[in-house]
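The next block holds one structure in the form of structure tokens; read it before the comments.
Residue numbers run from 1 in the order of the sequence given. The analysis underlying the following values was restricted to heavy atoms, covering all of them including side chains, and did not include hydrogens, waters or symmetry mates.
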Amino acid sequence: MTADKKELPIAVFDSGVGGISVLRELVRVMPGEDFYFRGDSVHAPYGTRPAEEILQLTKENIARMAGSGFKGIVIACNTATSAAITPLRQIYTDIPVVGIEPAIKPAVERCPGGKILVMATPMTVGGEKFLRLVHRFEDEGIIIPLACPGLMEFVEAGTLSGPKLEAYLEELLCPYREEGIDAVVLGCTHYPFVRRQVASVMGEGVLIVDGSEGTAREMRRRLLGAGLLRDRAQGGTVRFEDSLPEKETLCRFLLEAQL
Ligand code: DGL
């Protein structure tokens with residue numbers, strides 16, 4: 001292992017700005033690492049596109065990042081993970097490639113036998129990977145998938161509160177609140193930025209989880225195992241890039257904001 005490889009950044013990719021919710025966990029878990037975040041807001045949302053197109057777009061964006069080098073890839077997008085993680089692992093065989101999936105496991109662990117509502121994009125909840133995930137945990141809780149077309153667009157537009165978002169969430173979630181839900185899984189990386197709004201519609205006592213911490217810890221574990229973890233305790237940097245350059249300001253805001 002060359003010292004140089006260890007000093008390369010970790011690539012973090014999402015269809016848009018949602019991946020920042022994963023990036024902030026990565027920074028928290030590995031404050032000494034450098035990160036290179038790229039969003040593809042020109043083509044977002046990915047979650048309403050066919051799987052083949054999502055795979056192509058994800059491969060193209062990662063290939064673009066590869067030009068400046070990285071020592072690991074985080075697909076900070078449930079949708080792109082579902083469509084592209086296996087082919088990406090076949091392309092980038094010598095570095096860790098970590099994805100994110102809806103956090104059903106922590107939800108059933110904390111609410112055994114409970115009703116778990118999984119909010120995600122239409123592509124994620126319709127994908128085979130998701131069906132396998134549900135199958136794995138179907139004896140441990142009642143898992144209810146909920147496609148949320150239109151929700152990531154609020155976050156992409158920087159609309160993180162206000163009457164339109166409240167009305168959208170109220171209409172979407174009201175039937176489930178009435179049915180009685182124990183936990184909500186935020187199965188799209190954009191959704192943690194509207195966590196408080198989801199919590200306030202669902203009411204007190206409903207657990208809300210997402211997969212960002214698990215993904216960050218998994219990348220740390222994989223880098224450590226590969227001898228690629230930097231031993232600095234702080235001082236890491238973050239480089240932002242988006243196919244829509246004006247999004248970079250929103251990315252910076254979301255990374256700093258306590259939402
Ligand atoms: N942030 C992405 C995810 O985690 C999806 C947003 C999109 O539809 O592009 O699924």
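Side-chain contacts under 4.5 Å among hydrophobic residues (ILVMFWY), followed directly or transitively, place Val42 together with Leu244. Leu131 belongs to no hydrophobic cluster, as no Ile, Leu, Val, Met, Phe, Trp or Tyr side chain comes under 4.5 Å of its own.
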Checklist line | CA sep, side-chain torsions, deciding dist, call: Asp40, Tyr46, side chain to side chain donor-acceptor pair (under 3.5 Å) | finding: CA-CA 9 Å; Asp40 184 20; Tyr46 277 17; 2.5 Å; yes
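Sorted by first then second residue, the salt bridge (Lys or Arg N to Asp or Glu O under 4.0 Å) pairs that include residues 160-173, not counting sequence neighbours, are Glu170-Arg177. Residue pairs that meet the salt bridge (Lys or Arg N to Asp or Glu O under 4.0 Å) test with at least one member in residues 101-121, sequence neighbours left out, are Glu101-Lys129, Lys105-Glu109, Lys115-Glu179. Pairs passing the salt bridge (Lys or Arg N to Asp or Glu O under 4.0 Å) check and including a residue from residues 20-29, sequence neighbours excluded, read Glu25-Arg28, Arg28-Glu213. The salt bridge (Lys or Arg N to Asp or Glu O under 4.0 Å) analysis of residues 83-95, with sequence neighbours excluded, yields the pairs Lys5-Asp94. Among pairs with a residue in residues 180-192, those fulfilling side-chain hydrogen bond (donor to acceptor under 3.5 Å, both in side chains) read Glu156-His190, at least two apart in sequence or across chains. Counting only residues at least two apart or on different chains, the side-chain hydrogen bond (donor to acceptor under 3.5 Å, both in side chains) pairs with a member in residues 69-88 are Glu33-Lys71, Thr79-Thr121, Thr79-Thr124.
Side-chain atoms of Asp242 come within 3.5 Å of backbone atoms of Ser41 as a donor-acceptor pair (strictly under, hydrogens ignored). In this structure, Thr93 contributes its side chain and Gln90 its backbone to no donor-acceptor pair below 3.5 Å.
For Arg232, the side-chain contact (heavy atoms from CB on, under 4.5 Å) partners two or more places apart in sequence, or in a different chain, are Asp34, Arg230. Checked against side-chain hydrogen bond (donor to acceptor under 3.5 Å, both in side chains), Glu218 has the following partners two or more places apart in sequence or in another chain: Arg221.
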Per-pair distances, 0.1 Å, donor-acceptor, side chain in residues 200-207, under 3.5 Å, sequence neighbours excluded:
none

Which donor-acceptor pairs under 3.5 Å do side chains of residues 138-152 form with protein atoms, sequence neighbours excluded?
residue : atom : partner : partner atom : Å
Glu138  : OE2  : His135  : ND1          : 2.8

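Relative to the six-membered ring of Tyr36, Arg239 meets both conditions, a distance below 6.0 Å and an angle of at most 45° to the axis.
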